[in-house]
Each structure stands twice: as C-alpha cells, then as structure tokens.
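First listed ligand is number 1; within each ligand, the first listed atom is number 1. This chain uses plain numbering: 1 for the first residue, then up along the sequence.
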Amino acid sequence: MIITIDGPAGSGKSTTARNLAEKLNISYLDTGATYRAVTLRALQNGVDLADEAALLKQAQQIDLKMTPGANGVVVEMDSHDVSEDIRSEEVSRDVRYAANTPVVREVLVDLQRKMGRQLGSFVTEGRDQGTVVFPNADVKFYLDADTDERAKRRHKEQTTRGTDADYDSVRESIIKRDESDKNRAVAPLRIPEGAVIVDTTAMTPEQVTEKLLACVKENF
Ligand code: DC
C-alpha cells in the first residue's frame, strides 16, 4: 500500500504521515529530509549552493539512512545522526537550492523510490509524492492550512526543540519557501490528480489523522 501526502510547509504532513503510518502499521517516508540532508552536507563542506555541479556531487556522494525513532525519523548522514541539524533555520532557508536544481531532484527521486521499494507499504510525504515520485499511489492526500497557522506551528516546533527562533523570521521563511516550492520549473508543489484535499487550519493533529484514516479505509 502506498499513501502520499503532499502540501506546503507546516500544513501538518509530517505529524499526520507519522501517525497514519503508525495506525496502519506501515512505514513512514520523510522525503523533505533528503533535500535537507544534501543542503546540510553542502553547508558543512563549504560548497557554494548555487553551484549546481558541486551540489549534485553532494547528492551523489551522500550516504543516507532513515530509521524510525521514538521522536520521529532518525536521519543518519555519512554515519552521523543529523536528525536535529537538518531542521535548523539555516537549512530551512537554504534548502530551496537543492529543491530547485533538477539534477539534484533526479538523484533524490531515485533514492526515494529505492527507499520506498525497501519499505514495501508506506506513507510518504513531501511536495511531489503523488504527482511525480509515486503517481500510482493507492491513496493521495493534499494538506493545506492558512499561512499564519502554519507559521505558528513551525515556530512552536522550533521553540520546543530549544531553537531561538523568532516568529516573524519563521513566517517569512515559510512564505519564501511556499513561493519557491510552487513556482519552480521542476516538480512544483501541485495538488495531485484525484487527491483528497484537507484544510487542517482549524483541526487538531488527531482529527487530521482520523480523517485520513477514514478515507484510506473507504478505499480498501
Ligand atoms: O517538508 P520539509 O519542510 O522538510 O521540506 C524541505 C524542503 O524540501 C521544501 O521546502 C521543499 C523540498 N522538498 C521538495 O522539493 N520535494 C519533496 N518531496 C520534499 C521536500
């Protein structure tokens, strides 16, 4: 069973995908983590993010492992746990370079499909999962929410994690990322054909999970 969840930053994809996978007793694939990891690796190695050939090399050389952990996915890059580091504001701000570079996307889409094959049945979330990466998925969802609500969620998440983030810069970063995700030439954020659209603005994470679970059950 393949279930895709796409949508903008802060729409509730990660929490919902994780919860839904747990309820269905299948795996969870966080594809944003692949773009974040390449960005982190490039930053650590002092690579110019606008240099496409250099960024491609970072993507080709990356050794990425994702395993389920108590607090979400544990992301290991080149044998180091980078689960926290890939969520920094710096990576969030710069991730658009990897996401907007077609050759990097090609490498990461291959990697995501390979991870999917290894998982068998899974819930995957990102921007292009139902449109490009797994167009034959069994059930597709598109989550959305108001910009302010999404910024509030991200800000709370970062404050809980102990990052000293200020609300206005989190909100600005989300708006910039929306623009970049929706307007890029390759695999822009789009509502997949046949997707169930859910506006999560006024919903709790539990309500979102229950709604999606009900849709999945209807389809099986
Ligand atoms: O879901 P996230 O915030 O971790 O994603 C980080 C960035 O990665 C996002 O701004 C765009 C990019 N991304 C993408 O282009 N395609 C995906 N399938 C997942 C993420």
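- At a threshold of 4.0 Å, the pair Lys23-Glu210 counts as salt-bridged, since one of the basic side-chain nitrogens sits closer than that to a carboxylate oxygen.
- Between the OG atom of Ser11 and the CG atom of Asp146 there is a distance of 12.0 Å, given to the nearest 0.5 Å.
- Salt bridge Arg161/Glu157: present, at least one basic N to carboxylate O contact under 4.0 Å.
- Criterion: ILVMFWY side-chain heavy atoms under 4.5 Å apart, direct or through other members. Under it, Val123 and Val132 are not part of a common hydrophobic cluster.
- When heavy-atom distances to ligand 1 are checked against 4.0 Å, the residues falling inside are Thr31, Gly32, Tyr35, Arg36, Arg87, Val95, Ala99, Arg105, Gly126, Arg127, Asp128, Gln129, Arg154, Arg177, Asp181, Arg184, ordered by chain and number.
- Taking a cutoff of 4.0 Å between a charged side-chain nitrogen and a carboxylate oxygen, Asp178 and Arg154 do not qualify as a salt bridge.
- With Leu29 as the fixed residue, the side chain to side chain contact (heavy atoms under 4.5 Å, CB included) test singles out one of Ile2, Thr4, Leu119: Leu119.
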